[in-house]
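Encoded as structure tokens, the structure appears first; notes follow it.
Below, chain A is the first sequence line, B the second, and so on; all start at residue 1.
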There are 2 protein chains.
Amino acid sequence: MGHSRIEKSESHDRILDVAVAQFKTRGFNGIGLAELMERAGLTHGGFYKHFASRDALVVESVSHAFAQDRVIFSRVDKVAGDRLAAHIDQYLSTAHRDEMARGCSMVALGAEISRSGDDVKNVYEEYFQLRRDWLAKELGGPKVQAERHALTIMSAMLGALSIARAIPDPAQSGAILETARKEVKALARQLRGELRAE
Amino acid sequence: MGHSRIEKSESHDRILDVAVAQFKTRGFNGIGLAELMERAGLTHGGFYKHFASRDALVVESVSHAFAQDRVIFSRVDKVAGDRLAAHIDQYLSTAHRDEMARGCSMVALGAEISRSGDDVKNVYEEYFQLRRDWLAKELGGPKVQAERHALTIMSAMLGALSIARAIPDPAQSGAILETARKEVKALARQLRGELRAE
DNA sequence: ATTATCTATAGATCTATAGATAATGC
DNA sequence: ATTATCTATAGATCTATAGATAATGC
């Protein structure tokens with residue numbers, strides 16, 4: 001029985017890690033508190049010493065999910081060469097398709113967030129802007145136009161990943177991702193050219 | 001108490017209509033059988049004379065959802081003028097954003113379908129191909145390239161709608177849709193030009 | 001003394017089934 | 001006689017709470 005404040009904080013983080021992974025793979029209603037706490041190595045009784053309600057866990061989990069996304073996403077800045085192309089290749093990979101628990105929260109939780117309150121949606125929007133602004137910066141050129149083109153590229157990426165995950169045959173789904181990688185990279189090159197020309 | 005075979009078939013369809021609308025707005029686990037049957041004007045006891053299990057209802061509902069999508073989607077062929085532009089304007093409208101129950105099932109149910117079995121995913125794929133092939137036909141040019149470009153346009157449309165639904169402020173969400181409409185139509189014009197040139 | 005976690009359980013809800021009721025359809 | 005639907009309920013699961021237990025931290 002862990003009892004120190006440090007251990008409680010570790011338990012809290014462990015519950016959030018489990019919740020994020022489970023909510024992303026099974027949806028907000030896809031797991032009960034008993035199984036969730038068991039996966040975090042605890043019993044269900046202690047849950048309410050960590051969260052005011054199940055709903056409070058959902059809200060905190062969405063924040064936690066996007067905080068994780070930020071960490072993963074920030075790695076792309078360390079890539080040498082064409083960061084934008086590297087990002088597209090990674091986002092539209094079969095590895096990303098198959099790892100829903102660690103993958104993009106905008107795709108995994110998008111539909112659930114649509115049904116949620118503004119507290120949850122605000123977290124989504126903040127991350128959306130971060131991503132769009134990064135894409136716009138990579139595209140270069142005048143800010144307003146760059147942001148518009150960034151939205152297009154981002155939408156195409158989210159949409160293609162969403163489609164690939166719902167196609168039954170992994171080979172066919174992989175072919176869709178491959179096509180999307182080529183198409184989106186070509187689109188990015190072309191929009192970048194347009195923006196540089198202005 | 002309705003008892004004829006015709007009335008049973010009507011009840012069955014009513015249950016499916018309710019299930020599709022509820023699953024799309026609240027997710028597969030967002031509603032129980034009692035509320036569902038009540039919304040269909042029945043009591044919960046009769047459910048199992050219509051479906052072998054809750055799971056069987058989910059599978060049948062996904063088929064029903066995409067059958068409805070087909071009917072709505074087919075209307076675009078009656079549009080005079082630029083059918084592709086009309087389709088993009090309609091898909092990326094605020095009306096579509098706000099009507100999840102009657103809107104695109106690929107977006108509303110995509111994440112849930114990712115988590116489902118191949119029986120459900122096959123229904124999704126069939127509808128995906130129908131949509132992609134229609135887009136490719138509208139783009140014109142060599143089939144293989146047209147299908148690749150169609151995937152890009154379709155991905156951008158699904159992604160933009162998904163983003164717009166998760167943005168809290170309706171005005172900001174509307175601005176995103178407006179940008180996406182312009183961008184995707186411009187992209188369609190350009191890809192069509194490329195294909196015609198080949 | 002305080003508190004992080006555990007065991008136990010209340011009360012609501014959910015899926016599924018059993019048997020009754022009131023129509024249809026031969 | 002058959003059957004579409006209803007009422008009633010069993011059994012599982014889910015959220016939330018109460019009180020016990022065994023550590024920490026003053």
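The interatomic distance linking A:Lys49 (NZ) with D:dA20 (P) rounds to 13 Å, in whole Å. Put simply, CZ on A:Phe47 is 16 Å from P on C:dA4, counting in whole angstrom units. C:dA8 atom P lies 19 Å from atom CG of A:Leu33, rounded to whole Å. Across the protein-nucleic acid pair, A:Met37 atom CE and D:dC14 atom C1' stand 14 Å apart, rounded to whole Å. Regarding B:Phe28, its CZ atom lies at a distance of 18 Å from the P atom of C:dC14, rounded to whole Å. The distance between atom CG of B:Leu57 and atom P of C:dT15, rounded to the nearest whole Å, is 10 Å. Between the C1' atom of D:dA4 and the CD1 atom of B:Ile15 lies a distance of 11 Å, rounded to the nearest Å. Taking atom CD on A:Glu35 and atom P on D:dT15, their separation rounds to 11 Å, with Å as the unit.
At a cut-off of 3.5 angstrom, the base of C:dT9 holds at least one donor-acceptor pair with the side chain of A:His44. Applying the 3.5 Å distance criterion, the base of D:dT3 shares no donor-acceptor pair with the side chain of B:His50.
When the nucleotides D:dT24, D:dA16, C:dC6 are ranked by their closest atom to the side chain of A:Thr43, C:dC6 comes out on top. Here the side chain of A:Arg5 is nearest to one of D:dA4, D:dC26, D:dT7, namely D:dC26. Minimum atom distance to the side chain of B:Ser11 is reached by D:dT5, of the listed D:dT15, C:dG25, D:dT5. The side chain of B:Arg54 lies closest to C:dT15 when the candidates are C:dT15, D:dT17, C:dC6.
Under 3.5 Å, the side chains of A:Glu194 and A:His149 contain a donor-acceptor pair of N or O atoms.
Base pairing annotation: D:dC6 forms a Watson-Crick or G-U wobble pair with C:dG19, both donor-acceptor distances under 3.5 Å. For C:dT24, the paired nucleotide is D:dA1, the pair qualifying as Watson-Crick or G-U wobble because both relevant distances are below 3.5 Å.
Ranked by how close their nearest DNA chain C nucleotide is to the 5' end, B:Ala52 and A:Gly41 are led by A:Gly41.
Relative ring orientation between B:Tyr127 and B:Phe66 is described as tilted, the plane-to-plane angle lying within the 30° to 60° band.
Listed pair B:Tyr48 / C:dT17 fails the phosphate criterion, with no side-chain N or O lying under 4.0 Å from OP1 or OP2.
The minimum heavy-atom distance between B:Gln90 and B:His96, with the atom names listed, is O-CB, 3.7 Å. The two residues B:His44 and B:Ala34 have their closest heavy-atom pair at CB-CA, 3.8 Å.
In this structure, the side chain of A:Arg14 does not engage the main chain of A:Ser9 through any donor-acceptor pair within 3.5 Å.
Here A:Gly32 lies in heavy-atom contact (under 4.0 Å) with sugar-phosphate atoms only.
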